[in-house]
Amino acid sequence: QQLQANATLNLISLYNKVPYLRDVNRGKKSKSKKKSAPKKSVSREQDDKNSVTDDSPDEDDKKKDKNPVILDNALKLLMSVKNVSATYSLNRGITLPGFKHEATYMGMDPSAGMAPGTGFVFGQQENFGDRQTHFADWAGNDKDWLIPNPNLYNPYMRTTTENLSLRSSVQPAKDLRIDLTLNEVTSESTTEYWNFDDMRDMFSDDSTRVITGNYSASILSVSTAFQRIDSANRTLYNEFLNSRKAISNRMGDRQGISGVDSAGYSLGYDATQQDVLIHSFYATYTGEGVGKSNLNPIKVRIPLPNWRINYTGLNKIKFFQKHFRSVSVNHSYRSTYTVGGFLKSFGRRDTFALNENRIQPEYIISQVTISESFSPLVNVDMTWKNSLLTRVEVRKDRTLSLNTSNNQLTEIGNLEYIIGTGYTLKELKLPFKIRGSTVKSDLTLRGDFSIRDSKTIIRKIVEGETQTTAGQRVYSLKLTGD
């Protein structure tokens, strides 16, 4: 089953429905000002009298003109959001072994009561029959569409993938453009062995259901982005360690646990309990704080937008107009929270039972990651009057991975500086002809020199050790032509 919904809102068209907003948006002057009355001919004597009594006749008009200007600027700022688009998709599927009929007409078998049914053929995934159960239970125990063979032991699988994407274009000024993007992707796969039980004469799963999946969402972690990744810098890491107790107490309160251990952690949620580590990691390295952090390890409270910014307003400055044809400044930010893989087993119904003084998590998660990149942090592209190209760029990224199986935090940081130049050869004659005519084309030659510093640090939570495991500085020169 594939479902998809798209929505696009062109706000410029909406603004233009109002004549006054249309004029403001197009930069036209307001027509609301009244035209000044035509001057009447007066004698020089009368004019001299008026000049004495009225030294500045335009003073009131200037004051009145200020209000429309303020209003127009405020409206331009409110109308800076130009368009918004959203896409939501849902893909679901079922794989069921042991179906004993044939797909004859439109995927159904008329000799068996149109098995597997119109609902299944047209994408129904759940709530089958009077018992509102899943398809395998309904097909095997209610409709007798499955082979009653206890030796048939292939998995019954159900998959679900949800994808949400939002985009928006914001233009607070004519030369400033901001593109916002928001994403959230959830993927789940449910596997169980739905086989025939001779003793009970029915199909059952015998508590073999297992749910696995992945999750990712766009987030904001910019508040901690410029903390230096170094073995000697423990500012964020110490904050992460210290936040575990507050997270533990929040989780204990949610489960109604009032007791604490000798270290001050809620009973069942000690310093290295999986969920305590994950929530402390997310709260610290996103800068969200322990009081606001979501206590669902496989889903953020709300995805947050990332952005790309382009500014071309430097072209209006006289210095740049004199020396450059065009100057553009760019900036981009992207941060993603990823749950590399989670697992939920229904073998134990009470997933919150105490197990050796530690509460068993509802979802077993081996690793969570925050990936953040400024690509670029700042980029300046300049085209000179003589067709010379100049490029200056700084890139920065980091990857933070928390491994809950060995209680280790890995930090990887990269910082790159790029200086580039180029030249465009206008109407260069190519060394061949087409239909007897000489072919001319522009040729752009570019050269980029970069310095990239990389460092990898592993912090062992239980042992209290920090190690720099890798690091390098790479110099590179790239030459291109097109």
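Nothing here was measured: the structure is a model prediction, and the numbers come from that model. Each residue takes its place number in the sequence, starting with 1.
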Name the atoms and distances for all side-chain donor-acceptor pairs under 3.5 Å in residues 373-380, with sequence neighbours left out.
from, atom 1, to, atom 2, distance (Å)
N379, OD1, N330, ND2, 3.0
N379, ND2, E393, OE1, 2.8

State whether the number of non-hydrogen atoms from other residues, nucleotides or ligands found under 6.0 Å of [X] atom [atom1] is greater than 12.
{"X": "R250", "atom1": "CZ", "result": "yes"}
{"X": "F226", "atom1": "CZ", "result": "yes"}
{"X": "R167", "atom1": "CZ", "result": "no"}
{"X": "Q2", "atom1": "CD", "result": "no"}
{"X": "R92", "atom1": "CZ", "result": "yes"}
{"X": "L152", "atom1": "CG", "result": "yes"}
{"X": "Q1", "atom1": "CD", "result": "yes"}
{"X": "R391", "atom1": "CZ", "result": "yes"}

Between [Y] and [X], is there a side-chain donor-acceptor contact under 3.5 Å, judged purely by atom types and distance?
{"X": "R358", "Y": "T272", "answer": "yes"}
{"X": "S335", "Y": "S221", "answer": "yes"}
{"X": "E372", "Y": "Y333", "answer": "yes"}
{"X": "S476", "Y": "S450", "answer": "yes"}
{"X": "S204", "Y": "R200", "answer": "yes"}
{"X": "N306", "Y": "T181", "answer": "no"}

Would you name the heavy atoms of [X] and [Y] that are closest together and state the gap between them?
{"X": "P172", "Y": "S80", "answer": "CA-CB, 3.5 Å"}
{"X": "S168", "Y": "V81", "answer": "OG-CG1, 3.7 Å"}
{"X": "T286", "Y": "S223", "answer": "O-OG, 3.3 Å"}

Inset, instruction - Using modelled atom types only, decide if a donor and an acceptor are shared between the side chain of Q274 and the backbone of I365 within a distance under 3.5 Å. - result: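 The answer is yes, because a donor-acceptor pair under 3.5 Å joins these two groups.
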
Inset, instruction - Say whether, by atom type as modelled, one donor and one acceptor occur between the side chain of T284 and the main chain of F281 under 3.5 angstrom. - result: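 No; zero donor-acceptor contacts below 3.5 Å.
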
Identify all side-chain donor-acceptor contacts of residues 83-91 below 3.5 Å with residues at least two apart in sequence or on another chain.
from, atom 1, to, atom 2, distance (Å)
T87, OG1, N6, OD1, 3.2
Y88, OH, E162, OE2, 2.5

Inset, instruction - Any chance you could lay out the ring-ring contact (aromatic ring centres under 6.0 Å, His included) test for F320 and F324, step after step, and finish with the verdict? - result: CA-CA 5 Å; F320 291 99; F324 301 95; 5.8 Å; yes

Whether [X] and [Y] hold their rings parallel, tilted or perpendicular, with breakpoints at 30° and 60°:
{"X": "F99", "Y": "H101", "value": "perpendicular"}
{"X": "W145", "Y": "W138", "value": "perpendicular"}
{"X": "F135", "Y": "F120", "value": "parallel"}

Legend entry - Pair H134-Y156, ring-ring contact (aromatic ring centres under 6.0 Å, His included): steps then yes or no: CA-CA 11 Å; H134 58 84; Y156 164 49; 5.6 Å; yes

Inset, instruction - Applying side chain to side chain contact (heavy atoms under 4.5 Å, CB included), name anything that partners T159, two or more places apart in sequence or on another chain. - result: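 T159 satisfies side chain to side chain contact (heavy atoms under 4.5 Å, CB included) with S189 once adjacent residues are dropped.
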
